[in-house]
Number of protein chains: 2
Amino acid sequence: MLDMILLGYLADGPRSGYDLKLLLETDSAHFWHAHHSQIYTTLRRLERRGLIRSRKQAARGLQERRVYTLAAAGRDALETWRDLPLLAAAPPKDTALARIFFAGSQPARDLLPELRRLRSARRDRLTELKRRPSIPAPSDPDDLRPLTRAYARAVEALTIRWLDELIARLESTGARLESTGARRGQTKTKPRPTATRPKRAGQGRS
Amino acid sequence: MLDMILLGYLADGPRSGYDLKLLLETDSAHFWHAHHSQIYTTLRRLERRGLIRSRKQAARGLQERRVYTLAAAGRDALETWRDLPLLAAAPPKDTALARIFFAGSQPARDLLPELRRLRSARRDRLTELKRRPSIPAPSDPDDLRPLTRAYARAVEALTIRWLDELIARLESTGARLESTGARRGQTKTKPRPTATRPKRAGQGRS
DNA sequence: TCGGACATGTAAGATGTTACATGATTCG
DNA sequence: CGAATCATGTAACATCTTACATGTCCGA
């Protein structure tokens, strides 16, 4: 897949490895991620296979960079990929959800502060998605790229709402766990835990 | 991560590799995926490292199976994982979205049928998520597992809605490409000549 | 002159995919 | 009897992560 993403961007015009790294971090962060090490090695591999070509470019006042262009074989590969069935869609892998899924039980487990941090990170992601305009591409006449960003924004908003509900729920059912640790078993819901605004969770035991 | 998911399920009780494979395919398909080959090799690795133990179990009338149980070291590893910060959340990787992102431009590109197939697959996924009740786990007193499924359902619903809009949009702006070409196109600033339309685009009705 | 952005790489190891392989039991 | 489901594996390969490594240029 990374191959195709790199070829996809190179179809817009010549790009350096660094350019592509920045594009992945910004323009397409909502559907893919790669470390720079992987980007550079993948570019070299694509070049060895003749899908792209590179030349060194020493711009005045700038460090030397290696600029890649799409070769004919690369354009063909991209075409082939685009003709592939769109199905067999990405099996989702969400480590944060996995953590929540298996967070259960622990008596004094401090899941809540973690969830709040997660929510805040997701809010940042949403702001970032809203702030940065899509980079317009001539090869995207139907505005598919901005539309995928709109989708990503909607997913972020949904995620934040879900986290809100989850946090509210845990606050009401588990507030006492944060004050008195070390108790396990049937902890039934106390009628009045605290106000809707809980104090910050400190570690009571030493 | 797969390590932790397997340990997480083994914390509920003894399970065979096959059990875990089924759990991944059903119970946790909404946040993770693994092939059986990876599951079996990972279990062997976890056993070599002393995190889990296994014994062969030849049930009458059934093929022999190898049943794993969580060892003390495994329980510790799970605890450590649960204490890790929840952040640095899964960098999203969505191949379908990548395909749509880079689908642009091609004059007679048949994206629409593919999108319809994708939507239908997502609808199946949603039905599946609704149909199958969450497997109740004693180690999940706060119902976090069903709640992550509820989240996954909401994401599916959102995805389907987005695909609906996208399809509608492409139908209206690109209808003339599929029909006889008589319709005037509006909206886009793209002066598209209706010239280079190939007759058939792949669906082999003879 | 120091830190941050620019810019590019290598290497080891972990993780994940695809293909190959085997064999039992159950149901129609 | 054949297909589906149960059940477990190996091997080759591709992909991805983490750490190490090296420099330049620009502004404060």
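For the numbers below, each heavy atom of this structure counts, side chains included, while hydrogens, waters and symmetry mates do not.
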Does a side-chain N or O from B:R44 land closer than 4.0 Å to OP1 or OP2 of D:dG9, or not? yes

For B:L22 and D:dA4, what is the distance between atoms CG and P respectively, to the nearest whole Å? 17 Å

Whole-Å gap separating C1' (C:dC6) and CD (A:Q57): 14 Å

Just N and O in the side chain of A:R66: are any of them under 4.0 Å from OP1 or OP2 of C:dG9? yes

Distance in angstrom units between B:L43 CG and D:dA7 P, rounded: 15 Å

Rounded to whole angstrom units, what separation is found between the CG atom of A:L20 and the P atom of C:dC6? 14 Å

Interatomic distance where CZ belongs to A:R65 and P belongs to C:dT8 [whole Å]: 6 Å

Round to a whole Å and report the spacing from CD1 of A:I39 to P of D:dT17. 11 Å

Would you call B:R116-B:E171 a salt bridge at under 4.0 Å N-O? yes

If the threshold is 4.0 Å, N to carboxylate O, is there a salt bridge linking A:E79 and A:R82? yes

Which pair of heavy atoms, one from B:G17 and one from B:Y40, lies closest together, and at what distance? CA-CE2, 3.7 Å

Could you tell me whether A:R125 and A:E128 make a salt bridge, using a distance below 4.0 angstrom between a side-chain N and a carboxylate O? no

Could you tell me how far apart B:R15 (CZ) and D:dC6 (P) are, to the nearest whole angstrom? 16 Å

Does the protein touch nucleotides 11-20 of chain C at the base, only the backbone, or not at all? Give it as B, S and - per nucleotide, heavy atoms under 4.0 Å. B---SSBBB-

With a 3.5 Å cut-off and sequence neighbours excluded, list the donor-acceptor pairs that the side chains of residues 161-168 of chain A form with protein atoms.
unit_1 : atom_1 : unit_2 : atom_2 : d
A:W162 : NE1    : B:L147 : O      : 3.2
A:D164 : OD1    : A:R119 : NH1    : 2.7

Does a nitrogen or oxygen in the side chain of A:Y40 sit under 4.0 Å from OP1 or OP2 of C:dG9? no

On a heavy-atom basis, the closest approach of B:G8 and B:R145 is O-NH2, 4.3 Å

Under the side-chain hydrogen bond (donor to acceptor under 3.5 Å, both in side chains) rule, collect the residues that match up with A:S37, sequence neighbours excluded. none

What's the OH-C1' distance between B:Y18 and C:dA24, to the nearest Å? 12 Å

